[in-house]
Number of protein chains: 2
Amino acid sequence: MELLEQRIRKDGIVKEGNVLKVDGFLNHQMDVSLLKAMAEQWRADFAGKPINKILTIEASGIGIAAIAGLVFDVPVLFAKKSKSINIDGSVYCSRVHSFTHKVDSDVIVSKKFLDANDHVFIIDDFMANGCAMNGLIEICEGAGATVEGIGIAIEKGYQGGGDALRERGFVVDSLAIVESMDAETGEIEFR
Amino acid sequence: MELLEQRIRKDGIVKEGNVLKVDGFLNHQMDVSLLKAMAEQWRADFAGKPINKILTIEASGIGIAAIAGLVFDVPVLFAKKSKSINIDGSVYCSRVHSFTHKVDSDVIVSKKFLDANDHVFIIDDFMANGCAMNGLIEICEGAGATVEGIGIAIEKGYQGGGDALRERGFVVDSLAIVESMDAETGEIEFR
């Protein structure tokens, strides 16, 4: 998506350690008009699919998923990390490793809100190795729900998570796929 | 706000230990059309105020804040809990206690995105003791930003956090204020 790639080139910062900072418009401060344009791109790409629910994972997926919920006109469900005392015992759970935060988390969705009637569009802001996404897919499979597609804002293509999911048959719609980036020059190459 | 109170009566569940579960429409699954109506109420209530930024705190405030960002047509900033390796060293920080999760967190906002020119509307899904809100206000004060108002979806009025802020002169616009609730009967009384 040209608009997002331009914004990444303009405001994204490449840092040592394979970090692409997009905290000015995506995952700390959010440019909500950009997020709306991204959601409209996904809606066009998945036109005709019987999507009735959007699923994401806290925290930085929630903003883009909420706006996509408005655009798709469906409810939005966000998986929670680690067990909250406010969540019932009756949950789908998947163990997910975060390379960013260097911890394992239990990712949890209440069984009340996901079942075999659901046709789910899964959204997240980033995909690298795909660990979080695999957790969300596992939760959908546990519920018997159909994964209609996966929408990612920025995929780190060279880390392979997206292509592994495509090989498994999932439709992964990443709006920007970074093929390489250079912390010294700041250059970013898109697929 | 009548629409929200009705929804809380219909789908909210009062549990032992002072817990009001609204995970079916507010803080796990989100009814985004309800969230949009709530944001429109706030926009009407704060019409004429020079609000140029919305501030919230992860995780469950993000969805409602993102949708409010669209309605107000301003960027949305969400404070992060605990230090992420993807956040710069240059941050405003406040220590916040969570009674829900029984932990202290450092709440962090990058100095790049908040300064003395900002007129901030602070949003959160719940207010009880007001600990999280005090942290966000402290961050705004540290930045020299003006807090134009505070929008809360559900305030637990009997816990006093909202009234303490009103006494300090803040405009706290809670769309539903719970005065009492009874886990045995399930009854909820609004202010």
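Hydrogens, waters and symmetry mates are skipped; everything else that's a heavy atom, side chains included, is used.
When each of Ile62(A), Val76(A), Ile67(A) is scored by its heavy-atom pairs under 4.5 Å with chain B, the top score falls to Val76(A). With chain B as the partner, the residue from Gly24(A), Ala79(A), Gly17(A) showing the most heavy-atom pairs under 4.5 Å is Gly24(A).
Looking at Thr56(A), there are no atoms closer than 4.5 Å to chain B (heavy atoms on both sides), in backbone or side chain. Both the backbone and the side chain of Val109(A) come within contact range of chain B, judged by heavy atoms closer than 4.5 Å.
In summary, Arg191(A) and Asp163(A) engage in a salt bridge, as defined by a charged side-chain N under 4.0 Å from a carboxylate O. Ionic pairing of Asp23(B) and Lys112(A) is present here: one or more N-O contacts between side-chain nitrogen and carboxylate oxygen are shorter than 4.0 angstrom. Ion pairing between a basic and an acidic side chain is recognised when a charged N comes within 4.0 Å of a carboxylate O; Lys80(B) and Asp106(B) show no such pairing.
Annotation: cation-pi geometry satisfied between Lys111(B) and Tyr92(B) (NZ/CZ under 6.0 angstrom from ring centroid, within 45° of ring axis).
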